2 protein chains.
Amino acid sequence: MSLRHAVLGLLADCPASGYDLLKTFAISLGNVWSATQSQVYAELARLADSGQVTVTAEGARGRKEYAITESGRAELHRWLTEVEPNRTPRNDTLLRVFFLGLLEPDEAQAFMRREAETAAAHHEELSALTAVASGPDSFSVHGRLALEWGLRVTAAQREWALWAQKQIIDRAASGVGDPDTPVPAPG
Amino acid sequence: MSLRHAVLGLLADCPASGYDLLKTFAISLGNVWSATQSQVYAELARLADSGQVTVTAEGARGRKEYAITESGRAELHRWLTEVEPNRTPRNDTLLRVFFLGLLEPDEAQAFMRREAETAAAHHEELSALTAVASGPDSFSVHGRLALEWGLRVTAAQREWALWAQKQIIDRAASGVGDPDTPVPAPG
DNA sequence: CGTCGACATGTCGAAGTTGGAATATCGCTG
DNA sequence: CAGCGATATTCCAACTTCGACATGTCGACG
């Protein structure tokens, strides 16, 4: 649903071809919203149909350069200010966490360790982007806000995974895994 | 794709009907992976077809109770230990952040303020769940791990939104918004 | 006995997503 | 000029997702 607006947003910055947009998705926007070739080209065609973008130039190899129209800009503004962001939860990792009780403690622990490592790696990747994504233009400025989000959340995620791993170890140590066994009262 | 495994995971805990599962999605699992009626019933039918669940009882009003089979358990285990979680980034809020430069500073700021409020509200909601989701069974234990993730991430998100709001105010104050205007050298 | 609300499942179409294949041009290099 | 790699677009089949609608049962209440 939002792909339409991602494309509009990129074209609001400057005219581009489908191929150009795909490159932008690959290096920056894709960290936030990924898109495939077929999606981008199809969306450009739809947007052109509905008059929110127009072809401003045709180049070599059938290249078509698209620019946003006033109508497109209006739609983009409406989307930014009036449409509530979609917050449908869909987290593949957390879904697995819910079912970690089905695994042996050491398997569950390995899962959390891998998650901690993944989060750390992702954090490093984003750190490396910080240098690249510097620039005074509006796009870089706001891209950096998104980047900061990534840095903070990946850090939190790593801490959480380490904490969760410890929880699992502790439970395993105290002889749980057999829910029917009453926990001996402390003291 | 993961809906299949969400259903299998719930049935691994205990047999249930589609209607039962829907209720579980509504109160707990849905915070992590949401599903609609049509999806759940269709998935149960598919799983029954492929022999990963079976109908163990038929009750009033056409109620069918499903239980997981050995084959289903094996698939669930494989998914938990061997399948890399899907991490396709798709964040509607961050996508908008990328394009915040197209708004007036006060509009952009209002956007971030709303985000901070939403994150805080969501955090409170999860806090309230903490009391409800207490229990010694494996499901509650691991549900709490997921809950803790939510608490940490919503907290980080709120902090980030407040920080970002300040960034935008600062930029607006220093006369940016017209990228062609050279910034006056300090001193 | 009627009917209302909760229970319970199922079908449908529109829209969105994915990955892959097909097609073709341009510019460089040997 | 033949061949290659980067550029560039288009089409397609399969699948998922969503919301709406259709269908029907059961128990309780008056």
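Every chain is numbered from 1, with letters handed out A, B, ... down the list of sequences. All values below come from the heavy atoms of this structure, side chains included, with hydrogens, waters and symmetry mates left out. Because the structure is predicted, anything quoted here is derived from the model rather than measured.
- Between B:Val32 and A:Pro89 there is no side-chain heavy-atom pair separated by less than 4.5 Å.
- A heavy-atom distance below 4.0 Å to DNA chain D is reached by none of the residues of residues 47-54 of chain B.
- Between the side chain of A:Thr56 and the backbone N or O of A:Glu65, at least one donor-acceptor pair lies under 3.5 Å.
- Residues from residues 71-79 of chain B lying near DNA chain D, meaning a heavy-atom separation below 4.0 Å, are absent.
- In this structure, B:Arg144 fails the cation-pi test against B:Trp149, since its NZ or CZ atom is not both closer than 6.0 Å to the six-membered ring centre and inside 45 degrees of the ring normal.
- Under the 3.5 Å distance criterion, with hydrogens and angles disregarded, a donor-acceptor pair is assigned to the side chains of B:Gln39 and B:Thr36.
- Nucleic acid contact for B:Arg90: sugar-phosphate only, since backbone atoms but no base atoms lie under 4.0 Å from a heavy atom of the residue.
- In the region residues 33-40 of chain B, proximity to DNA chain C at under 4.0 angstrom, judged on heavy atoms, holds for B:Gln37, B:Ser38.
- Of the two residues contacting DNA chain C, namely B:Lys64 and B:Arg61, the nearest-nucleotide position lying further toward the 5' end is that of B:Arg61.
- Taking a cutoff of 4.0 Å between a charged side-chain nitrogen and a carboxylate oxygen, A:Glu43 and A:Arg4 qualify as a salt bridge.
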Solution key, residues 108-119 of chain A side-chain donor-acceptor pairs under 3.5 Å, sequence neighbours excluded:
unit_1	atom_1	unit_2	atom_2	d
A:Glu115	OE1	B:Arg87	NH1	3.1
A:Glu115	OE2	B:Arg87	NH2	3.0
A:Thr118	OG1	A:Arg114	O	2.8

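- Summary of helix geometry: the two end axes of the helix from C:dC1-D:dG30 to C:dG30-D:dC1, each defined by five base pairs via their C1' atoms, are inclined to each other by 10° (rounded to 10°).
- Within the structure, the ring-ring contact (aromatic ring centres under 6.0 Å, His included) test picks out the following pairs touching residues 41-82 of chain B (sequence neighbours left out): B:His5-B:Trp79.
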